[in-house]
Amino acid sequence: MLLSVDLASRRWRDNGIALLALEDDGVRVRLIAAESLGLRGTPEVEPFADALNALAEREGVRLMLLDGPQGWRAERSALEHLRVCEKETRCPGKTGLPGVVKPGTWRRMAEFSIALFDALDLRGWPRFSRDWAGERAAIESFPTHAWRMLGIPPIPGKSNAGDLAPWHAALAALGVRGVPTSASHDELQGVVAGLAGIALLRGGIAACDIRGLNPSKEGGYWREGVIASPRTGDPLFR
């Protein structure tokens, strides 16, 4: 079992939270509303970390995936404005040195996400790396890259997405079950990103697309990190 979150920092309802489990007939999904976890008001890191950790403990979750940055750019990186994983997956949001992001409007989201990774680490969910050997971990995801790696055109941004039926159908064709037709843009993004965790649990690091540099601590801040995505090389997703 794994937990995948399409992360949002301004409204709880914009967090697409999905539980995914590998079953005999494919991947079974259960969507979780933030409100059902007792999350109300303005999103805050500590209550979110507590709620996600409690949900994970209750459901027997082994991996937690979050669509948001886990660290800042390394000091000596040859890249000026972004992390290696962001360049390799073509992320629109760019995380530079501590406190520096592009576009500037993305700063709240970046700081919220990094702080959430920190809070989960303190609760027993360390950042995922290429050295992973099956232990519990918090993993950075990027749904747009996940769609691409599965050979499916990514969902456009919310304001331009329109009818989501093609992406519902694409997930069903991959063997993903239990996604209601009412699932939102955020929830579909959470589901597709979570397929990286299914690949990892099935086949380990080799079954997944891993981009970027292992996370490391530098100058009191977490830096870089890898983004994990599913790919069509896994038999489940062909």
Side-chain angles (χ1 to χ4, degrees), residues 1-7 16-32 52-53 55-71 83-86 88-89 91 113 116-117 120-121 123-152 154 170-171 174-179 187-216 222 224-238:
M1 179 78 73
L2 62 91
L3 176 61
S4 181
V5 183
D6 184 55
L7 198 59
I17 305 171
L19 287 165
L20 289 80
L22 183 61
E23 298 184 348
D24 291 341
D25 63 344
V27 178
R28 184 65 54 180
V29 171
R30 179 153 48 102
L31 301 179
I32 307 292
L52 293 177
N53 183 58
L55 177 62
E57 294 285 357
R58 185 167 65 248
E59 298 291 341
V61 165
R62 289 180 57 193
L63 296 175
M64 198 179 297
L65 293 96
L66 305 172
D67 170 28
Q70 61 184 286
R83 296 175 299 146
V84 172
C85 62
E86 292 166 344
E88 292 182 349
T89 60
C91 289
S113 180
L116 183 57
F117 271 97
L120 289 170
D121 189 0
R123 290 161 175 80
W125 297 91
R127 287 165 170 83
F128 173 83
S129 77
R130 286 187 173 85
D131 304 316
W132 181 74
E135 65 275 12
R136 293 199 329 178
I139 305 171
E140 184 174 344
S141 65
F142 179 36
T144 298
H145 186 66
W147 291 113
R148 291 190 197 118
M149 292 304 298
L150 292 168
I152 301 167
L171 288 172
L174 292 172
V176 179
R177 311 283 183 247
V179 182
E187 289 168 333
L188 291 177
Q189 296 285 70
V191 171
V192 75
L195 295 179
I198 294 292
L200 284 165
L201 293 177
R202 277 171 48 89
I205 294 285
C208 217
D209 179 77
I210 309 291
R211 305 294 180 101
L213 305 175
N214 279 350
S216 61
W222 280 98
E224 298 294 336
V226 298
I227 290 175
S229 304
R231 62 182 182 191
T232 53
D234 187 313
L236 181 66
F237 308 129
R238 286 177 182 169

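In this structure, the side chains of Pro143 and Asp6 come closer than 4.5 Å at one or more pairs of heavy atoms. At least one side-chain heavy atom of Leu19 sits less than 4.5 Å from a side-chain heavy atom of Met1. You'll find the side chain of Leu3 stays beyond 4.5 Å of the side chain of Leu63, heavy atoms only. Within the 4.5 Å cutoff, side-chain heavy atoms of Leu174 are placed close to those of Ile152. Considering only heavy atoms from C-beta on, Val27 stays 4.5 Å or farther from Arg177 through its side chain. With a 4.5 Å cut-off on side-chain heavy atoms, Met149 and Ser229 count as touching.
Rounding to the nearest 0.5 angstrom, the gap separating the CG atom in Leu31 from the OG atom in Ser4 is 10.5 Å. In this structure, the separation between CD on Glu140 and CG on Leu7 is 10.5 Å, given to the nearest 0.5 Å. Here the OG-CH2 distance, from Ser216 to Trp222, works out to 7.5 Å after rounding to the nearest 0.5 Å. Taking CG from Leu20 and CG from Leu201, the interatomic distance works out to 10.0 Å, rounded to the nearest 0.5 Å. Ile139 contributes atom CD1, which lies 10.5 Å from atom OG of Ser129 (distance to the nearest 0.5 angstrom). The CG atom of Leu200 sits 9.0 Å away from atom CG of Leu2, with the distance rounded to the nearest 0.5 Å.
Proximity of a side-chain donor or acceptor of Arg136 to a complementary backbone N or O of Gly124 within less than 3.5 Å is detected. Without hydrogens or angle criteria, Ser113 side chain to Pro69 main chain gives a donor-acceptor distance under 3.5 Å. No donor-acceptor distance shorter than 3.5 angstrom exists from the side chain of Glu59 to the backbone of Ala56, with no hydrogens or angles considered. Counting only distance, with no hydrogens or angles, the side chain of Asp209 and the backbone of Ala228 share no donor-acceptor pair below 3.5 Å. Of the possible donor and acceptor atoms, one in the side chain of Arg211 sits under 3.5 Å from a partner among the backbone N and O of Glu88. Under a 3.5 Å cut-off, the side chain of Arg148 and the backbone N or O of Thr89 do form a donor-acceptor pair. In this structure, the side chain of Gln70 engages the main chain of Val226 through a donor-acceptor pair within 3.5 Å. No side-chain donor-acceptor contact under 3.5 Å links Gln189 to the backbone of Glu187.
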Query raised in the report: Would Leu55 and Val61 satisfy side chain to side chain contact (heavy atoms under 4.5 Å, CB included), going step by step from the backbone distance to the final call?
Result: CA-CA 8 Å; Leu55 177 62; Val61 165; 5.9 Å; no

Report task. Check the pair Leu120 / Leu66 against side chain to side chain contact (heavy atoms under 4.5 Å, CB included), numbers first and verdict last. Result -> CA-CA 11 Å; Leu120 289 170; Leu66 305 172; 3.6 Å; yes

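Contact detail for Leu52 and Met64: the closest heavy-atom pair is O-CE, 3.9 Å. Closest heavy-atom contact between Val29 and Ala18: CG1-CB, 4.4 Å.
Contact check on Arg28 versus Glu23 returns a salt bridge, with a Lys/Arg side-chain nitrogen under 4.0 Å from an Asp/Glu carboxylate oxygen.
Note: Trp132 and Phe128 have tilted aromatic rings, judged against thresholds of 30 and 60 degrees for the angle between ring planes.
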